[in-house]
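Order of the sequence lines fixes the chain letters, A, B, ..., with proteins taken first and strands second; residue numbering starts at 1 for each chain.
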Number of protein chains: 2
Amino acid sequence: MPEAPGVAAALVRLSFLVQSVYAEVCSQHGLTPPQAQLLCVVSECPRRMSELAPMMRLEKSSLSGLVDRVERKGWVRRVASPEDGRAITVELTAGGRRLADAFHARTTERLTEMVACMPPDERRAFASIADQIVSEHAVPVVFQDAP
Amino acid sequence: MPEAPGVAAALVRLSFLVQSVYAEVCSQHGLTPPQAQLLCVVSECPRRMSELAPMMRLEKSSLSGLVDRVERKGWVRRVASPEDGRAITVELTAGGRRLADAFHARTTERLTEMVACMPPDERRAFASIADQIVSEHAVPVVFQDAP
DNA sequence: CTAAGATAGTTCGTAGTACGAACTGTACGG
DNA sequence: CCGTACAGTTCGTACTACGAACTATCTTAG
């Protein structure tokens, strides 16, 4: 029996805290969390529906609707793939780019503030452990580091 | 400028990872995440609607519907408050208790596995920092430590 | 070259989530 | 005892998510 009581609860509570900050920044930008996630993913580079679905852990039918709504708001565009007549790539519009950047910056700012009370070395240690956990579990890159 | 690039992204990605495990355990128990959260909260003790709403960061109308659906499945019960004729407390049924315990145990197990690769002292350090962040930000207790 | 099967996306029906506004009923203070 | 504050519910709307059924394109075997 590994005596790690509390690790699980700490992870759950921390993740609820982070999600609540994320959701708050979303709503301040007129986004819902799945919409923001989509913008962040295609912000890195345009993607096909068939790539996006597993990255966002959605079925293709769910993704279709999400892209519909985000496209209707004018933040992304569906572009036919030249290589494959069946495929479509989703890319940011200029407005989508601005919104994605603003959202990303503000979220980063809010979360950085949140851990500002920690001593810098502890903060770095914490970030590196978190990164390690994440990278050992094949999490799709859903929120990039600032370049 | 505090040079903590990466902390924010690490937090976001970690929280998406934890949420995906949480959601997976939910669906294995026939629950949705908000339903599981409700069970975990009232698992500690029965609560009024007016207490639950802020704990779960929901408007009262949203909570009403959530409790409806969970009650329809037979996992919680609405009980009139003897002290206040307007108020209602939400409590687990026997089946709800079993489900909440099973869900909690399995989630704890899955998340503990997830960090099992870390050396024990690092794991403890990580948990204590996470706890510290959480407790500095007034997060409602949405997932208890094992008793 | 073409028929069969695989792949990419969409549409549709259903259920759950979340909100605000409007509503009912109880409690309480003046 | 009346007015107001409070506790919950209901209703209409929008978003999220799924699976099944569908269209259209690509690929491959014969």
Student: Under 4.0 angstrom, heavy atoms only, what part of the nucleic acid is B:Leu58 near: base, sugar-phosphate, or nothing?
Tutor: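 Sugar-phosphate contact only.
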Student: Measure the distance from CG on A:Leu38 to C1' on D:dC15 and round it to the nearest whole Å.
Tutor: 14 Å
Student: Is there a side-chain contact between B:Ser50 and the phosphate of D:dC6, meaning an N or O under 4.0 Å from OP1 or OP2?
Tutor: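 No.
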Student: Check step by step if side chain to side chain contact (heavy atoms under 4.5 Å, CB included) holds for A:Glu109 and A:Glu113.
Tutor: CA-CA 6 Å; A:Glu109 192 179 14; A:Glu113 275 168 27; 4.0 Å; yes
Student: Any chance you could list the contact pattern along nucleotides 21-30 of chain C? Use B for base contacts, S for sugar-phosphate-only contacts and - for none, protein heavy atoms under 4.0 Å, 5' to 3'.
Tutor: B---BBS---
Student: Are the charged groups of A:Asp101 and A:Arg97 less than 4.0 angstrom apart, N to O?
Tutor: yes
Student: Could you tell me whether A:Arg78 atom CZ has more than 12 heavy atoms of other residues or ligands within 6.0 Å of it?
Tutor: yes
Student: With rounding to the nearest 0.5 Å, note down the distance linking CG in B:Leu39 to NE2 in B:His29.
Tutor: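 Rounded to the nearest 0.5 Å, the CG-NE2 separation comes to 11.0 Å.
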Student: Could you tell me how far apart A:Gln19 (CD) and D:dT16 (P) are, to the nearest whole angstrom?
Tutor: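 Checked: the CD to P distance equals 14 Å.
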Student: Could you state the atom-to-atom distance from CD1 of B:Ile88 to P of D:dC6 in whole Å?
Tutor: 19 Å
Student: Would you jot down, in residue-number order, the residues of residues 71-80 of chain B having a non-hydrogen atom under 4.0 Å from DNA chain C?
Tutor: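 Residues of residues 71-80 of chain B that come under 4.0 Å of DNA chain C do not exist, since none gets that close.
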Student: Without decimals, in angstroms, what is the distance between A:Leu52 CG and C:dG9 P?
Tutor: 9 Å
Student: In whole Å, I'd like the distance from the CG atom of B:Asp68 to the P atom of D:dG8.
Tutor: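 To the nearest whole Å, that distance equals 13 Å.
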Student: Would a distance-only check, ignoring hydrogens and angles, find a side-chain to backbone donor-acceptor pair under 3.5 Å from B:Thr108 to A:Ala8?
Tutor: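 Flag not set: sc B:Thr108 to bb A:Ala8 has no pair under 3.5 Å.
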Student: Less than 4.0 angstrom between a side-chain N/O of B:Arg69 and OP1 or OP2 of C:dT17, yes or no?
Tutor: yes
Student: What is the distance from CE of B:Met56 to C1' of C:dC19, rounded to the nearest Å?
Tutor: 15 Å
Student: Quick one: side chain to side chain donor-acceptor pair (under 3.5 Å) partners of B:Thr107, sequence neighbours excluded?
Tutor: none
Student: For a quick test of reading the model: is some side-chain N or O of A:Arg48 closer than 4.0 Å to OP1 or OP2 of C:dA8?
Tutor: no
Student: Rounded to the Å, how far apart are A:Leu66 CG and D:dA14 P?
Tutor: 17 Å
Student: Let me know which of B:Arg77, B:Met49, B:Arg47, B:Arg48 forms a side chain to side chain contact (heavy atoms under 4.5 Å, CB included) with B:Val90.
Tutor: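 That would be B:Met49.
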Student: Could you tell me whether A:Glu24 and B:Arg57 have a side-chain N and a carboxylate O separated by less than 4.0 Å?
Tutor: no
Student: Does the B:Glu122 side chain pair with the main chain of B:Pro119, one donor and one acceptor, at a distance under 3.5 Å?
Tutor: no
Student: Reckon B:Ser64 touches a base, only the sugar-phosphate, or nothing at all at heavy-atom distances under 4.0 Å?
Tutor: base
Student: From CD of B:Gln37 over to C1' of C:dT17, roughly how many Å is that when rounded to an integer?
Tutor: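 In whole Å, C:dT17 C1' and B:Gln37 CD are 12 Å from each other.
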